[in-house]
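Read the numbers this way: they start at 1 and go in the same order the structure lists the ligands and their atoms.
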Amino acid sequence: METTANPLDCRAHELKFIEETRVLSDNELQANNITPYHVTKFYGEQIVKSGHYDQLKYVVEPSVEEFESPGTLDTSGEHDNTVVPGLQHKYAQTGLLLVTERCGSYCRYCFRKRIVGKVSDEIAPDFDQAAQYIARHPEMTNVLLSGGDPFVLSTAKLNKIVDHLLPINHLNSIRFGTRMLAYEPRRFADSALPALFKRIHKAGKTPIIVAHFDHIGEISCEAEDKVRALRAQGVQLLNQSVLLAKVNDDPEILAATFAKCHEIGVRPYYLFQARPVKGASHFQVPLRRGVEIVRGINQRLSGIEKTFKYIMSHYTGKIEILDLGQDGRLYMRYHQNKVAEKIGRIFSRPLVATACWLDDMPEQ
Ligand code: SF4
């Protein structure tokens with residue numbers, strides 16, 4: 001590793017990576033966009049207790065591969081779809097509000113590496129301004145609070161944010177994207193939370209939690225308890241996972257994860273193809289293997305458990321990956337697209353063996 005010539009950069013950090021210990025300066029960490037190491041005590045203990053530490057350590061522990069992984073920091077065009085600071089409007093019905101740059105722990109594969117654990121000007125500074133935009137867009141039926149993780153904020157702060165959204169009649173649901181059920185399930189024991197969900201209900205909207213379990217080993221007894229309590233409060237729960245090399249690229253593991261989600265009342269919703277994120281693209285599984293894994297998952301689940309879609313969240317839209325044809329082409333369709341006419345349309349590309357993303361396949 002080259003050292004920086006900046007004489008002001010005299011702070012050196014001894015950092016433990018999975019493979020080795022390295023001494024790095026602040027400048028080197030910034031230049032390589034290395035996300036800070038941060039993991040809750042709960043998750044650190046859970047992954048050991050689960051018996052899956054050898055896989056789950058890659059979720060939160062830094063790897064030297066982060067220095068070499070090529071890619072970009074905004075793979076889905078979030079910047080281009082930002083309509084007012086902190087609010088994205090890519091698909092007609094959905095608004096995406098970035099409410100914090102912090103999370104319970106920092107996932108090494110995060111597609112928002114450019115934001116999480118940093119100070120970011122992409123976080124909404126003015127919820128009133130965001131709400132004014134939403135109010136002018138009656139096609140928007142739901143708002144997703146994301147970041148970062150909204151549940152690192154206090155319930156009082158969440159109440160203040162939803163204050164701006166509840167008066168908007170055309171919103172029928174408020175979604176919270178959170179990984180806290182895996183990282184710190186006790187967050188959901190907060191006695192102020194039921195009142196927040198009740199307010200959302202009273203305003204005629206459905207509170208939805210989009211959980212994020214990548215692996216059966218993350219679904220702790222505490223998480224199960226909190227899911228049950230949330231369901232009793234009228235919260236709908238969905239789960240999204242990311243397909244991750246070395247972590248869950250195994251149909252047995254993912255089928256068990258989705259079956260467990262189904263059992264506790266969390267509907268498996270998206271399995272995301274990992275994105276070509278700078279510093280995290282080593283987590284990508286080739287699409288050819290991804291398709292095999294998805295077939296394997298479906299072979300192991302009952303009809304009512306296989307409610308997930310295998311999705312590539314691309315700059316052009318959310319693409320559902322369907323299957324590999326006998327003609328060697330990968331068949332896909334737009335699950336979401338800015339252009340309504342493109343939604344549902346099937347298209348295909350020749351599947352190059354190493355392809356991990358749409359752009360890795362030729363347009364022919
Ligand atoms: S919890 Fe979500 S936003 Fe936070 S680091 Fe993990 S993937 Fe990124």
Side-chain angles (χ1 to χ4, degrees), residues 29 33-44 46-47 55-63 66 69 71-76 78-79 82 86-88 96-120 122-124 144-153 158 175-188 208-215 217-220 223 226 237-248 257 266 269-285 311-313 318:
L29 290 171
N33 208 57
I34 301 295
T35 304
Y37 170 70
H38 175 54
V39 57
T40 55
K41 185 167 175 285
F42 178 86
Y43 189 77
Q46 169 61 24
I47 61 179
Q55 291 79 43
L56 290 171
K57 68 181 177 198
Y58 291 102
V59 170
V60 285
E61 294 183 13
S63 160
E66 294 176 29
S69 292
T72 58
L73 290 173
D74 181 6
T75 55
S76 315
E78 297 204 301
H79 181 74
T82 297
L87 177 69
Q88 296 172 31
L96 175 68
L97 198 52
L98 299 184
V99 298
T100 175
E101 59 273 87
R102 291 180 298 119
C103 300
S105 307
Y106 295 137
C107 312
R108 306 315 297 178
Y109 56 81
C110 180
F111 75 98
R112 292 208 183 109
K113 266 183 187 285
R114 67 183 194 282
I115 296 177
V116 301
K118 318 235 158 86
V119 176
S120 171
E122 292 187 58
I123 303 306
L144 168 62
L145 272 53
S146 184
D149 193 314
F151 281 102
V152 299
L153 300 176
L158 291 175
R175 263 193 273 176
F176 299 86
T178 181
R179 192 147 160 66
M180 290 293 265
L181 281 163
Y183 285 151
E184 195 65 86
R186 276 165 279 199
R187 168 66 182 93
F188 297 93
I208 300 174
I209 284 187
V210 182
H212 176 171
F213 294 116
D214 287 324
H215 192 291
E218 295 181 330
I219 310 178
S220 60
K226 299 302 173 290
L237 287 111
L238 309 170
N239 184 61
Q240 55 188 22
S241 306
V242 186
L243 178 59
L244 298 163
K246 296 186 186 168
V247 176
N248 62 7
T257 308
V266 180
Y269 161 59
Y270 287 149
L271 172 64
F272 282 113
Q273 175 70 4
R275 305 173 206 214
V277 176
K278 183 174 169 358
S281 54
H282 56 286
F283 282 104
Q284 286 190 296
V285 173
I311 292 282
M312 179 157 47
S313 202
K318 265 204 180 81

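- Side chains of S146 and R112: a donor on one and an acceptor on the other come within 3.5 Å.
- In this structure, R275 is positioned above the aromatic face of F111, its NZ or CZ under 6.0 Å from the six-membered ring centre and within 45° of the axis.
- Residue-and-atom listing of protein N/O/S atoms under 2.8 Å from atom 8 (Fe) of ligand 1, sorted by chain and number: C110 SG.
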**OP:** Please lay out, stage by stage, how Y183 and V152 fare under the test side chain to side chain contact (heavy atoms under 4.5 Å, CB included).
**Re:** CA-CA 11 Å; Y183 285 151; V152 299; over 6 Å; no
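- Per-atom contact check: atom 2 (Fe) of ligand 1 does not touch the protein, criterion being a heavy-atom distance below 4.0 Å.
- By the 30° and 60° cut-offs, the orientation of the rings of Y106 relative to H38 is tilted.
- Side-chain polar atoms of D214 and Y109 form a donor-acceptor pair below 3.5 angstrom.
- A distance-only check finds a donor-acceptor pair linking the side chain of Q284 to the backbone of A274 [under 3.5 Å].
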